[in-house]
*Asks:* 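Okay, handing you the structure first.
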Amino acid sequence: MRLLPPVTTPQSAVPILTPLSDAQLAKNAPLPLTPQSPYTQLNDKAINDSGQPDTSTRTRYPTVTDAPLSKSQSDALAVELNALYKSVMDSLGSEDARYIQRIYATVVYSEVIARGLLAAAGRMPSKRSLVATWLLGTSLLSFSKILNNMELGHNVMHGQYDWMQHPHLNSQKFDWDIVCPTPLWQHSHNYLHHTFTNIVGRDHDVGYHLIRVTDEQPWTPEDRYNMFSTAVLAFGFEWAVAFHDIQISVDEYADSPDLHKIMQQKSRALFAKIGRQICKDYIALPSVVAMTLDRRSAFSTLSGNMTANTVRNLWTWAVIFCGHFTEQAHIYTHLDANESKGDWYVRQILGSSNIKGSKWFHLLTGNLSHQIEHHIFPDMPAGHYAKIAPQVQTICRKYGLSYNTGRFGTQLKQVLGRIYHFSKPSEKEWQAYVQSVENADSTTLRYDRSAADLEDKLAIENTGGLTRFLPPVVRKAISYAW
């Protein structure tokens, strides 16, 4: 593959922190807290006499209602992290370009070989050789899809390699091998998630509108099925990611006169991408193999594709959740209207978790095993995260900030423990729920719905036939697509 000339002064095309408008900040007013509210007592660290956070006191599943550092401290933190960021970005050049092109070549060649093995599996003379060939092909295809999703797609679409000015390894043109279109993911992830990280009500990745992971999300009876919902989310993670932006964009663009037009464009792009992915993996490739070889080869190809996609979904879910929902991942109640770059850094650090592992492990996670480094420097080429991690940890220790890291098994156990914990209501939450049920009067209940809300509700209700059995977000996308 052709290597572009070295670039000595790389510049990122993606800003780390997007300036917010007054309207956007208005959406982030603090949640109402009463003196009796338990949320005001959930700060992770008390402040000691020297003004530094006291790391000796820790709270499970901490919620932040006040800034952990003073403005002067967070500003000083920002100066050090900015200097670290600049030193890495100024050093980018041909070695980094060769690295991502090698990753791209590995994805392509491993997929080609894997699909060849899956097709050949059906022609094996014995059952043992068939199974062995199928397992090898499926494992290699799973590896290719994981690498495509994590180290290549996720990082390229964050703009980490835009400085190369490569014709397709850039955030504007790259398209990954899952059902979610790039623009939809970049809106829900690059913008919303990385700007409003872990702020309840603004970062829609907090529970993905499906799982309760914090006290700040009111308990409902559906939360009893937290563990089951998590399993569904994990097995179909690419589908959840695909419809995620549809679900949140109706609210994000509710005040726009172009709401329907925007949602129509998003929905059509989504279904077009879904059609291409389904056709490639489940129709076109098995059909070609069936015509050139036989039905057994077509079945081995189809089953291998389905298995590899499922493996990729499970792995991606595990890595993402271990990076965001461990026991000490902090949740925020609101966005400070005067949040500085340093405050933003602090929120990213406290809301993220790292995973320890080998070099190959970090590669297969897309280096999201260094979630803290990724969240403070999302457009830095991810291969540098491991190198700067000790420096980031030293800076965190200097300012008394927790640097959450642990082995994969430990972090995953904490994630599952958190999900299970919030599936059950506390005594106060149960009493509040019972009281709300007793006070509810369906005959006098009134809803203050905007025109956009009414249009959305009517559009969903008008979808008939088999679509009524689909999840609401899918029906919503269908209603806007036509």
Side-chain angles (χ1 to χ4, degrees), residues 142 145-158 160 176-180 182 184-199 203-214 226-227 229-245 247-248 309-331 348-357 361-376 378 382 385 404-419 422:
S142 300
K145 285 179 174 287
I146 288 172
L147 200 61
N148 177 289
N149 192 194
M150 307 295 280
E151 182 69 1
L152 184 63
H154 173 273
N155 294 337
V156 167
M157 293 192 302
H158 256 297
Q160 294 181 7
W176 52 359
D177 185 38
I178 68 171
V179 294
C180 182
T182 298
L184 272 65
W185 179 82
Q186 288 178 323
H187 173 249
S188 63
H189 182 84
N190 285 17
Y191 171 58
L192 289 175
H193 173 59
H194 276 273
T195 301
F196 305 106
T197 308
N198 283 24
I199 300 174
D203 180 4
H204 301 273
D205 285 13
V206 178
Y208 287 84
H209 291 264
L210 186 65
I211 303 167
R212 183 173 184 250
V213 294
T214 173
N226 246 10
M227 299 302 288
S229 299
T230 299
V232 173
L233 177 64
F235 277 92
F237 196 62
E238 68 168 316
W239 296 92
V241 170
F243 284 94
H244 192 44
D245 190 61
Q247 188 169 17
I248 63 183
N309 283 332
T310 301
V311 170
R312 187 264 321 282
N313 288 345
L314 291 171
W315 176 253
T316 305
W317 168 85
V319 172
I320 297 301
F321 269 56
C322 285
H324 295 86
F325 303 119
T326 56
E327 188 174 286
Q328 285 301 307
H330 291 50
I331 298 296
Q348 307 307 314
I349 292 169
L350 296 182
S352 307
S353 304
N354 283 9
I355 313 171
K356 297 178 180 179
F361 176 81
H362 295 317
L363 177 68
L364 289 177
T365 66
N367 282 286
L368 293 181
S369 48
H370 295 95
Q371 192 70 234
I372 294 173
E373 286 72 27
H374 172 62
H375 263 273
I376 59 177
Y385 292 156
N404 188 1
T405 185
R407 306 297 299 184
F408 179 65
T410 301
Q411 302 294 61
L412 183 59
K413 182 179 179 180
Q414 289 186 12
V415 167
L416 296 176
R418 181 174 195 141
I419 293 171
F422 286 107

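Just so it is clear, the structure is predicted and the values come from calculations on it, not from any experiment.
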*Asks:* side-chain contact (heavy atoms from CB on, under 4.5 Å) for Leu152 and Trp176? Distances and angles first, verdict last.
*Replies:* CA-CA 8 Å; Leu152 184 63; Trp176 52 359; over 6 Å; no
*Asks:* Among all residues two or more places apart in sequence or in another chain, which pass the side-chain hydrogen bond (donor to acceptor under 3.5 Å, both in side chains) test with His244?
*Replies:*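 Scan of His244 (side-chain hydrogen bond (donor to acceptor under 3.5 Å, both in side chains), adjacent residues dropped) gives Asp205.
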*Asks:* Do side-chain atoms of His375 reach the backbone of Gln371 as a donor and acceptor pair under 3.5 angstrom?
*Replies:*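 No.
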*Asks:* With sequence neighbours left out, write down each residue that passes side-chain hydrogen bond (donor to acceptor under 3.5 Å, both in side chains) with Gln411, or none if nothing qualifies.
*Replies:* none
*Asks:* Run the side-chain hydrogen bond (donor to acceptor under 3.5 Å, both in side chains) test against Asn149 and tell me which residues pass, sequence neighbours left out.
*Replies:*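 Only Thr316 meet the side-chain hydrogen bond (donor to acceptor under 3.5 Å, both in side chains) criterion with Asn149.
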*Asks:* How would you list, by chain and number, every residue that makes a salt bridge (Lys or Arg N to Asp or Glu O under 4.0 Å) with Arg312, sequence neighbours excluded?
*Replies:* Glu238
*Asks:* Does Asn148 use its side chain to pair, donor to acceptor, with the backbone of Asp177 at less than 3.5 Å?
*Replies:*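 Answer holds: yes.
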*Asks:* Keeping Gln348 on the side-chain end and Thr197 on the backbone end, is there a donor-acceptor pair under 3.5 Å?
*Replies:*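 Between the backbone of Thr197 and the side chain of Gln348 there is no qualifying donor-acceptor contact (under 3.5 Å).
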*Asks:* The criterion is salt bridge (Lys or Arg N to Asp or Glu O under 4.0 Å); which residues satisfy it with Asp203, sequence neighbours excluded?
*Replies:* none
*Asks:* Between Val206 and Ile331, what is the shortest heavy-atom contact and its length?
*Replies:*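 Reported closest heavy-atom pair: CG1-CD1, 4.3 Å.
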*Asks:* Test your reading of the model: is there a side-chain donor-acceptor pair from Gln186 to the backbone of Met157, 3.5 Å cut-off?
*Replies:* yes
*Asks:* Backbone N or O of Gln160 within a donor-acceptor pair of the Asn155 side chain at under 3.5 Å?
*Replies:* no
*Asks:* Counting only N and O atoms by type, is there a donor-acceptor contact under 3.5 Å from the side chain of His324 to the main-chain atoms of Ala329?
*Replies:*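 No; zero donor-acceptor contacts below 3.5 Å.
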*Asks:* Which residues pass the side-chain hydrogen bond (donor to acceptor under 3.5 Å, both in side chains) test with Thr326, not counting sequence neighbours?
*Replies:*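 side-chain hydrogen bond (donor to acceptor under 3.5 Å, both in side chains) list for Thr326, sorted by chain: Ser353, Asn404.
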*Asks:* Could you work out, with ring-ring contact (aromatic ring centres under 6.0 Å, His included) as the rule, every residue matching Phe361, not counting sequence neighbours?
*Replies:* Trp315, Phe408
*Asks:* Compare every heavy atom of Asn313 with every heavy atom of Phe235, then report the nearest pair and how far apart it is.
*Replies:* O-ND2, 3.0 Å
*Asks:* Return the set of residues passing ring-ring contact (aromatic ring centres under 6.0 Å, His included) with His154 (not counting sequence neighbours), or none when no residue passes.
*Replies:*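 Partners of His154 under the ring-ring contact (aromatic ring centres under 6.0 Å, His included) test: His158, Trp185, His189, His374.
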*Asks:* Among all residues two or more places apart in sequence or in another chain, which pass the ring-ring contact (aromatic ring centres under 6.0 Å, His included) test with His204?
*Replies:* His209
*Asks:* Taking all non-hydrogen atoms of both residues into account, name the closest pair between Ala242 and Val179 and its distance.
*Replies:*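 Taking every non-hydrogen atom into account, CB-CG2, 3.6 Å.
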*Asks:* With sequence neighbours excluded, what pairs up with Phe243 under the ring-ring contact (aromatic ring centres under 6.0 Å, His included) test?
*Replies:*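 None.
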*Asks:* May I ask you to decide if Leu192's main-chain N or O and His194's side chain share a donor-acceptor pair within less than 3.5 Å?
*Replies:* no
*Asks:* Under the rule for side chain to side chain contact (heavy atoms under 4.5 Å, CB included), what residues qualify as partners of Glu327, not counting sequence neighbours?
*Replies:*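 Per chain and number, Glu327 pairs via side chain to side chain contact (heavy atoms under 4.5 Å, CB included) with Arg60, Tyr61, Gln414.
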*Asks:* Checking Lys356 now: which residues fulfil side chain to side chain contact (heavy atoms under 4.5 Å, CB included) with it, not counting sequence neighbours?
*Replies:* Thr405, Arg407
